[in-house]
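Just so it is clear, the model here is predicted, and its values are computed rather than measured. Convention: sequence-line order gives letters A, B, ...; per-chain numbering from 1.
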2 protein chains.
Amino acid sequence: MSSIRKLINDPLKVADELVEGLVEAYNGECVHVGQRSLALKNIPDNKVALLVGGGSGHEPIYHGLVGRNLADGAACGDIFAAPPPDIVLEATQAVNRGNGVLYLYGNYAGDVMNFDMGAELAEDDEGIDVRTVLIWDDVCSAPPTQKHKRRGIAGLVPIVKLAGAASQEAKTLNELEAAAKKAVLHTRSVGVSMSPGSIPATGKPTFEIDEDKIGLGMGIHGEPGVSEIPMTTADELTPMMLDLIFKDFEDDEEIEALKEGDEVLFFVNSLGSTTMMECLIALRKAKELLTAKGLKVYDVMVGPLVTCQEMAGISFSITKMDDELKRYWDAPCQSVCFSKMEGRYGG
Amino acid sequence: MSSIRKLINDPLKVADELVEGLVEAYNGECVHVGQRSLALKNIPDNKVALLVGGGSGHEPIYHGLVGRNLADGAACGDIFAAPPPDIVLEATQAVNRGNGVLYLYGNYAGDVMNFDMGAELAEDDEGIDVRTVLIWDDVCSAPPTQKHKRRGIAGLVPIVKLAGAASQEAKTLNELEAAAKKAVLHTRSVGVSMSPGSIPATGKPTFEIDEDKIGLGMGIHGEPGVSEIPMTTADELTPMMLDLIFKDFEDDEEIEALKEGDEVLFFVNSLGSTTMMECLIALRKAKELLTAKGLKVYDVMVGPLVTCQEMAGISFSITKMDDELKRYWDAPCQSVCFSKMEGRYGG
C-alpha cells in the first residue's frame with residue numbers, strides 16, 4: 001500500500017472528475033466540451049483561437065490556463081497521457097470562430113501525434129485552419145541545435161500567457177503563430193527534482209531517485225536530466241540552474257546571449273510539494289545573480305503552477321523580453337492557473 | 001534524519017530568507033522594513049492602512065497578501081511563531097499615513113499578545129491610532145457563542161481580500177474596521193488533514209495522525225478538530241465538511257442561516273501537498289451540494305494559499321455575500337498570494 005493517500009473517488013476517474021471540478025471553478029465562465037475538454041463560453045466571432053492541452057495530473061496546468069486573455073480552450077488527456085485525437089477535435093470545434101486555431105502545447109511525442117491527428121480531422125472534415133507551435137523550453141532535454149527533441153516544462157505558463165494576450169489582437173493565424181513562436185524562442189527553463197510524485201490510480205512513484213540526490217535538469221515526469229548531484233543548499237543550487245539557462249542563450253544561434261541591460265521575466269515554479277518558502281528562498285538568490293549579471297528583472301512569477309502531483313523540485317524559467325512581449329505581459333489575465341492585474345510589479 | 005529534504009540554506013534563517021525572497025518577488029512594489037516586515041512602497045497619504053501578519057511557514061500567506069487593493073504591509077514572525085512586538089511596531093510605522101492602522105490577523109494567543117503590545121507601542125510612543133479585528137473563521141475550534149476562542153484559518157484570504165478593497169475607499173479607521181468585521185462575521189471555514197507538515201529547522205512533523213485517518217476540523221498547525229474519521233473519498237468527506245459550515249451559520253445568533261437564493265463565495269484551500277487535482281475533485285462535489293441547497297455561488301477560489309509546509313489536507317471556506325462585500329470582491333487585486341482581474345468568473 002502506498003503512503004500517499006489522496007482525497008479522490010474512483011482512482012480511474014480522477015481525470016474526468018478534476019475537469020468537471022475545473023469547470024465548476026470557472027463558475028460559468030467556461031463550458032465542459034465533449035469528453036474531457038473545456039472552452040471559454042464567450043469567444044468573440046472571428047477571433048483567432050488559442051488551444052492548449054496535454055495530460056492531466058499537472059494541475060493547475062494545462063486546462064487551468066483557459067481564461068480571459070489566455071487560452072480559449074484546452075484538450076485534456078487522462079493522467080500523464082496525451083488527449084486522444086477525438087478530444088483534440090472536440091476542443092478545436094469548440095474554440096473555432098472561423099479564423100483558425102493555434103495549437104500551443106508541450107513537446108511530447110504522444111501529444112504531438114494526437115494533436116496532429118486532431119488537426120487533420122479538424123482540417124479535413126471541418127475545414128478548420130490549424131497551426132501548431134510546440135513548447136520546448138527545457139534546455140536540459142537536448143542541445144539548442146536539436147530543439148525538436150526538447151520537452152516543454154514550466155516555461156509554458158509565461159508562454160501561454162504571452163500568446164493569450166497576443167491572441168486578443170491577432171488578425172490572422174499567421175500573426176498569432178509568429179507571436180507564440182517568439183514567446184517560445186525567448187523562454188528557457190531548467191528543472192530539478194528531489195523526490196517523485198505518485199500515480200493517482202496506483203499510488204506508485206513516477207520515478208526513483210536516491211534520497212540524498214538532486215536530479216539536475218529532470219523533466220516534470222522524472223525524465224532524465226544532465227546529472228544527479230548530492231543534495232545541497234538553495235544558494236549552491238541556484239547558480240547551477242541559472243548558468244545552464246545563461247549558457248543555452250549563449251549557445252543558441254537563433255537568439256542572442258543575455259547581456260547587461262536585457263530585460264527578463266523570471267519564474268520560479270514548484271513541482272508540487274516543494275513549498276513556497278523554498279521557492280522564495282531560491283528566488284532571493286536568483287534575483288541577486290540576475291542583477292549581478294546586469295539583467296533587469298521586468299517581472300516575477302512564483303508558485304506551484306506546473307506540478308506532477310506531490311513531486312518535490314523546482315524550475316527556473318527566463319523569458320527574454322522585448323517591447324512586443326512586454327505589451328503582451330502587461331495585459332491582465334484571469335484563470336485558475338494564473339491571474340494578474342494590468343501592468344507589472346514595480347512598474 | 002527526516003525524509004523531508006528541503007531546498008533551503010541555514011535552517012535557522014528560513015524565515016528571514018523567505019521574506020527577503022518575497023520582497024524580490026514583488027520586484028520593487030514592496031520594501032523590506034526593519035527586521036522582518038514588508039510594506040507597499042506607494043501607500044497614499046492619509047490612507048487608512050491595513051496591516052496583516054503572523055508566523056512564517058504558511059506561505060504564500062500572510063506576507064504574500066501585501067499588494068494592490070490588499071494589505072499595505074505585513075509583520076512576519078519566525079516559523080510558526082508570532083511576530084515580536086518590535087516587528088509589529090516597525091510594520092505599523094511603515095504603513096501608517098496618519099489616518100490609523102487596522103490590524104487584521106488570525107486569532108492565536110501569541111499573535112494577539114504581540115500585536116497588542118505592538119499596538120500599545122505604536123499608540124503610546126508614536127501616537128498612531130490602531131484598531132484590531134481578529135480572524136476566527138475555523139468553526140471547529142469553538143462553538144459560535146465562544147468566537148473569541150476560534151482560530152483563523154484559510155478564510156483569512158477572502159477576508160483580507162475584501163478588507164483590502166474596503167481600505168481603498170474607507171475614509172476613517174471606523175469604516176475599515178466595520179468592513180473587516182463584516183467580512184469576518186460572514187466567513188466560515190472547516191479544515192481536514194491527512195498528514196503533517198514538517199518544521200524546517202528540525203525536519204520533525206508538526207503533529208501525528210494515523211495513516212488511515214482524517215482529522216476533521218483540524219487546524220493549520222495540527223490543532224485538534226472535532227473528530228478523527230477513517231480515510232474516505234472526496235464525495236463522502238465533502239458533505240461532512242459543508243454540513244459543519246451550514247450548521248455554524250444556523251447556530252450562530254449573530255448571522256442568519258444560509259438559505260435558498262443566498263450568494264456565497266466558495267474557497268477550496270490546499271494545506272500544502274494536497275494537489276490541485278484533489279481540490280478540484282472536492283470542488284466538483286461541493287458545487288453540486290451548494291447548488292442543491294439553493295445557494296448561488298458568486299465566485300470561486302481554489303489553490304494552496306494557506307499552507308503548513310507539506311501538510312496534506314484541505315479546507316472549505318464560505319463567505320456569505322451582500323452588495324457591499326460583492327463590490328469589494330469585484331475589485332481587482334495583485335499580490336504573491338492572490339491576484340484577480342476586476343469582476344468575477346461568469347459575471
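- Contact annotation for A312(A): neither backbone nor side-chain heavy atoms come within less than 4.5 Å of a heavy atom of chain B.
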D262(A) vs K296(A), salt bridge (charged side-chain N to carboxylate O under 4.0 Å, His left out): CA-CA, chis, key distance, verdict: CA-CA 6 Å; D262(A) 281 351; K296(A) 291 182 191 164; over 6 Å; no
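- Interface check for chain B: of the options V300(A), N42(A), L280(A), the most heavy-atom pairs under 4.5 Å are formed by L280(A).
- Highest contact tally toward chain B, considering only G28(A), P332(A), S273(A), is held by P332(A) [criterion: heavy-atom pairs under 4.5 Å].
- Contact between V19(B) and S37(B) at its shortest, heavy atoms only, is CG1-O, 4.4 Å.
- Interface remark: F266(A) contributes no atoms to any contact with chain B (heavy atom separation under 4.5 Å).
- Nearest heavy atoms, G191(A) versus S315(A): CA-CB, 3.6 Å.
- Interface remark: K287(B) contributes side-chain atoms only to the contact with chain A (heavy atom separation under 4.5 Å).
- By the 30° and 60° cut-offs, the orientation of the rings of H221(B) relative to H58(B) is perpendicular.
- For Q334(B) and K340(B), the side-chain atoms include no donor-acceptor pair closer than 3.5 Å.
- Within the 4.5 angstrom heavy-atom criterion, only side-chain atoms of M231(A), from C-beta onward, approach chain B.
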Worked check of side-chain hydrogen bond (donor to acceptor under 3.5 Å, both in side chains) between E310(B) and S198(B): CA-CA 7 Å; E310(B) 68 285 359; S198(B) 63; 2.7 Å; yes
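- Using modelled atom types, one finds a donor on one side chain and an acceptor on the other under 3.5 Å when comparing Y298(B) with D330(B).
- Not a single donor-acceptor pair under 3.5 Å links the side chain of Y26(A) to the backbone N or O of A39(A).
- Interface check for chain A: of the options G313(B), G197(B), S335(B), the most heavy-atom pairs under 4.5 Å are formed by S335(B).
- With respect to chain B, the highest number of heavy-atom pairs below 4.5 Å among T233(A), N9(A), L18(A) belongs to N9(A).
- Residue with the most contacts toward chain B among E17(A), M276(A), K13(A): E17(A) (heavy-atom pairs, distance under 4.5 Å).
- Ranked by non-hydrogen atom pairs under 4.5 Å with chain A, the options A282(B), S195(B), C333(B), G272(B) are led by C333(B).
- Heavy atoms of P304(B) lying under 4.5 Å from chain A belong exclusively to its side chain.
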Residues R284(A), E20(B); criterion salt bridge (charged side-chain N to carboxylate O under 4.0 Å, His left out); working and verdict: CA-CA 6 Å; R284(A) 165 188 156 276; E20(B) 290 170 26; 2.8 Å; yes
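- Contact count against chain B (heavy-atom pairs under 4.5 Å) is highest for E59(A) among R344(A), E59(A), K41(A).
- Inspection of the E278(A) and T275(A) side chains reveals an N or O donor paired with an N or O acceptor under 3.5 Å.
- In this structure, the portion of L237(A) lying under 4.5 Å from any heavy atom of chain B is its side chain and not its backbone.
- Contacts of T232(A) with chain B are made by backbone atoms alone, with heavy-atom separations under 4.5 Å and no side-chain atom involved.
- Using a 4.0 Å cut-off between a side-chain N of Lys or Arg and a carboxylate O of Asp or Glu, K326(B) and E263(B) qualify as a salt bridge.
- Looking at M277(B), the atoms closer than 4.5 Å to chain A (heavy atoms on both sides) sit in the backbone and in the side chain alike.
- For E288(B), no part lies near chain A; criterion is any non-hydrogen pair under 4.5 Å.
- In terms of non-hydrogen atom pairs under 4.5 Å with chain B, the most contact-rich of T307(A), I281(A), L283(A) is I281(A).
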